[in-house]
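Just so it is clear, the model here is predicted, and its values are computed rather than measured. First the proteins, then the strands, lettered A, B, ... as listed; each starts at 1.
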Amino acid sequence: MLQTSAIRDHFEVYTKGLQKRGIQNAADILQNILKIDEERRNTQLQLDDLLAQSNQMAKQIGQLIQSGKKDEADQAKKDTAALKQQSKELGPKLQEIEKQLTEALYNIPNIPHDSVVAGKSAEDNEIVKQADENIPDLPESAKPHWDLIEEYDIIDFELGNKVTGAGFPFYKGQGARLNRALVNYFLDEALKAGFTEVQPPILINEDSGYGTGQLPDKEGQMYQVIESNLYMIPTAEVPITNIYRDVILNAEQLPIKNVGYTPCFRREAGSWGAHVRGLNRLHQFDKVEIVEINHPDQSYETLDKMVAHVENLVKGLGLPYRILRLCGGDMGFTSALTYDFEVFSAAQKKWLEVSSVSNFETYQANRLKLRIKGDDGKKILAHTLNGSALALPRIVAALLENNQGAEGIAMPEVLHPYLGFKSITKK
RNA sequence: AGAGGAGUGGCAGAGUGGUCGAAUGCGGCGGUCUUGAAAACCGUUGUACCGCAAGGUACCGGGGGUUCGAAUCCCUCCUCCUCUGCCA
């Protein structure tokens with residue numbers, strides 16, 4: 001969430017920033033925050049004053065009792081009744097105001113970076129790079145991946161329906177091995193790039209959900225384990241970033257670079273249709289995620305490096321890709337700047353999003369209370385970043401479609417050592 | 001899952017109703033001494049909010065309660081340890 005002090009200091013900039021996201025009444029919203037905050041400060045001042053008096057009285061009573069002046073002590077006890085009454089009223093009032101303030105702040109998205117253009121939807125995203133030289137020239141008979149996976153018997157949706165439900169496919173044989181190969185390839189590349197591998201829990205508690213911003217606004221998108229009050233992760237970002245909740249880092253520890261592979265679970269309620277056939281959208285999928293924490297001065301350099309890392313992966317797989325800079329209206333709630341990677345799936349003739357790389361600046365760090373202690377001992381909020389590197393199913397879809405041939409489906413060379421075979425073939 | 005015990009500052013560890021934001025030790029930082037280092041000695045050393053400051057307030061696992069006053073008493077939740085059970 002945003003910091004109230006920052007809203008006060010950069011009111012104009014913040015207003016314009018929110019307008020880029022299409023929030024017309026941004027000034028009113030921010031003004032309301034400042035109003036509640038002022039009320040909060042006034043109330044706290046009053047309460048502090050009352051408590052100071054009470055503390056003073058309590059000390060005196062203690063002294064009176066110890067020096068045997070019982071009558072005076074009893075009188076003083078009576079005198080404190082009024083103070084107590086007042087603070088009993090003010091305490092809950094302050095809590096109520098604080099609750100209002102955080103709720104109001106939770107409802108305000110991050111301020112977009114300068115380079116982000118205003119815009120309403122995906123239509124307005126900027127293409128910053130288009131590398132489409134690898135688009136294959138497929139014959140008319142080319143099949144979409146949902147036909148190929150049946151033909152080669154490598155992914156089974158029917159089985160998933162039976163055992164779990166729609167959107168939970170089984171990967172079988174060479175399909176399962178392809179997934180494992182991709183995960184290993186992605187992890188190994190991340191290790192080469194200096195990331196530390198972590199294997200986080202895939203269930204998280206409520207605090208973690210709030211920490212990275214999935215809660216309260218995106219509650220419906222996560223699966224819940226109600227009897228334990230836990231959530232299934234929609235992305236490894238949540239557990240890996242929450243490692244650093246309530247943490248004060250030393251400047252020398254930066255940058256923090258973690259990578260983790262996890263399954264991801266998304267309910268994606270109400271977004272099913274023809275355009276999400278096959279592997280295009282699932283309730284459970286595999287993803288390798290990179291998470292970095294760095295000093296505010298370096299975070300955009302870090303973002304560029306992460307983008308380069310992801311680009312290296314899609315290039316390695318030989319897939320046609322493009323990089324988008326998301327516009328204000330299409331960007332995630334908590335992000336200040338997001339680059340999306342899309343690969344071209346040649347039989348569907350569609351660009352599929354396979355990665356999203358974002359700088360959250362201090363938006364998550366403020367919720368997480370993640371700070372950096374400088375040499376001067378001063379503490380500042382860190383910048384958090386993350387990116388998919390990469391999400392598997394759509395990569396699989398593009399690989400299958402783009403590389404299909406009469407003799408099977410050729411696999412990119414970088415995967416050969418991991419796969420143990422060079423193409424997917426019929427049994 | 002059941003029974004018992006425990007959670008205090010970076011760490012260790014005192015503190016069972018008042019002057020406790022909290023002894024003491026270790027570690028960290030600054031200094032004295034030294035050619036330098038070690039040792040010794042002296043000082044300093046939590047976080048957040050309000051305030052120009054002085055200062056005030058809150059925090060002893062989380063939340064709630066009793067009391068004029070809670071680290072200390074009560075309730076509840078969480079975590080850890082020991083024993084029993086179950087289990088990849």
>> Could you tell me how far B:G21 sits from B:A40 if I compare only their C1' atoms? Round to whole Å.
In response: 30 Å
> Closest heavy-atom contact between A:Ala365 and A:Leu381?
Replying inline: O-CD2, 3.7 Å
> Below 4.0 angstrom from OP1 or OP2 of B:U47, is there any side-chain N or O of A:Lys379?
Replying inline: yes
> Rounded to whole angstrom units, what separation is found between the CD atom of A:Gln46 and the C1' atom of B:C49?
Replying inline: 16 Å
> Closest to the A:Lys84 side chain: B:G56, B:U67, B:C49?
Replying inline: B:U67
> Paired with B:A88: which nucleotide, if any, by Watson-Crick or G-U wobble criteria at under 3.5 Å for both distances?
Replying inline: none
> Paired with B:A58: which nucleotide, if any, by Watson-Crick or G-U wobble criteria at under 3.5 Å for both distances?
Replying inline: B:U47
> Got a sec, which residues hit side chain to side chain donor-acceptor pair (under 3.5 Å) with A:Ser208, two or more places apart in sequence or on another chain?
Replying inline: A:Asn205, A:Arg245
> Would you say the side-chain atoms of A:Lys287 and A:Thr235 include a donor-acceptor pair closer than 3.5 Å?
Replying inline: yes
>> For the P atoms, the ones on B:U82 and on B:C20, what distance do you get once it is rounded to whole angstrom?
In response: 37 Å
> Where the side chain of A:Arg40 is defined as all heavy atoms beyond and including C-beta, which of B:C49, B:G56, B:G51 is the nearest nucleotide?
Replying inline: B:C49
>> How many whole angstroms separate atom CG of A:Asp48 from atom P of B:C59?
In response: 11 Å
> In terms of side-chain heavy atoms of A:Ile65, which of B:A58, B:C50, B:G18 is nearest?
Replying inline: B:G18
> Near RNA chain B, under 4.0 Å by heavy atom, which residues of residues 53-64 of chain A?
Replying inline: A:Asn55, A:Ala58, A:Ile61, A:Gly62
>> In this structure, how many angstroms lie between the C1' atom of B:C59 and the CG atom of A:Asp246, rounded?
In response: 13 Å
> Start at the 5' end of RNA chain B and walk down; is the nucleotide closest to A:Lys77 or to A:Leu45 reached first?
Replying inline: A:Leu45
>> Expressed as a whole number of angstroms, how long is the span from A:Ile380:CD1 to B:A48:C1'?
In response: 17 Å
> To the nearest Å, how far apart are A:Asn366 CG and B:C49 C1'?
Replying inline: 14 Å
> Reckon A:Ala52 touches a base, only the sugar-phosphate, or nothing at all at heavy-atom distances under 4.0 Å?
Replying inline: sugar-phosphate
>> My understanding is that only residues two or more places apart in sequence, or in another chain, count here; which of them pass side chain to side chain donor-acceptor pair (under 3.5 Å) with A:Tyr106?
In response: none
> To the nearest angstrom, how far is A:Gln44 atom CD from B:A48 atom C1'?
Replying inline: 10 Å
> If we call it a pair only when both distances are under 3.5 Å in a Watson-Crick or G-U wobble match, what pairs with B:C11?
Replying inline: B:G25
> ring pair (Phe, Tyr, Trp, His ring centres under 6.0 Å): which pairs involve residues 48-96 of chain A, sequence neighbours left out?
Replying inline: none
> With respect to the phosphate group of B:U47, does any side-chain polar atom (N or O) of A:Lys369 fall under 4.0 Å of OP1 or OP2?
Replying inline: no
> Under 4.0 Å between a side-chain N or O of A:Arg371 and OP1 or OP2 of B:U47?
Replying inline: no
> Say you pick atom P in B:A70 and the same atom in B:G65; how far apart are they, in whole Å?
Replying inline: 12 Å
> A:Asp49 CG to B:G55 P: how many Å, rounded?
Replying inline: 17 Å
>> Expected output is a numbered-order residue list: members of residues 92-100 of chain A with a heavy atom under 4.0 Å from any atom of RNA chain B. What is it?
In response: A:Gln95
> So which one's nearest nucleotide on RNA chain B is more toward 5', A:Lys88 or A:Ile248?
Replying inline: A:Ile248
> On a whole-Å scale, what distance lies between the P atoms belonging to B:G62 and B:U79?
Replying inline: 15 Å
> Can A:Val396 and A:Ile155 be said to form a side chain to side chain contact (heavy atoms under 4.5 Å, CB included), step by step?
Replying inline: CA-CA 10 Å; A:Val396 170; A:Ile155 300 174; 4.3 Å; yes
> Over how many whole Å does the gap from A:Leu90 atom CG to B:G56 atom P extend?
Replying inline: 20 Å
> Applying the side chain to side chain donor-acceptor pair (under 3.5 Å) test to A:Glu89, which of A:Lys93, A:Gln86, A:Gln85 qualifies?
Replying inline: A:Gln85
> Does B:A40 have a Watson-Crick or wobble mate here (both distances under 3.5 Å), and if so which one?
Replying inline: B:U32
>> Under 3.5 Å, is there a donor on one side chain and an acceptor on the other for A:Gln95 and A:Gln100?
In response: no
> Do you see a donor-acceptor pair shorter than 3.5 Å between the side chains of A:Asn280 and A:Gln348?
Replying inline: yes
> Taking the P atom of each, how far is B:A14 from B:C73, in whole Å?
Replying inline: 16 Å
>> Looking only at side-chain N and O atoms, does A:Thr212 offer a donor or acceptor that is under 3.5 Å from a partner on A:Gln364?
In response: no
> Taking atom C1' in both B:G4 and B:G15, what distance in whole Å separates the two?
Replying inline: 24 Å
> So what's B:C20 paired with, Watson-Crick or G-U wobble, going by both distances under 3.5 Å?
Replying inline: none
> Looking across every strand, which nucleic acid part, if any, lies under 4.0 Å from A:Leu47 by heavy atom: base, sugar-phosphate, or nothing?
Replying inline: nothing
>> Restricting to side chain to side chain donor-acceptor pair (under 3.5 Å), what partner residues turn up for A:Glu342, sequence neighbours left out?
In response: A:Arg322
> Can a donor-acceptor pair be found between the side chains of A:Asn258 and A:Tyr244 at a distance below 3.5 Å?
Replying inline: yes
>> Going by purine N1 to pyrimidine N3 plus the second Watson-Crick contact, or the G-U wobble pair, all under 3.5 Å, which nucleotide sits opposite B:A3?
In response: B:U82
> Say you pick atom P in B:A22 and the same atom in B:C74; how far apart are they, in whole Å?
Replying inline: 26 Å
> Looking only at atom P, what distance separates B:A6 and B:U44, rounded to whole Å?
Replying inline: 36 Å
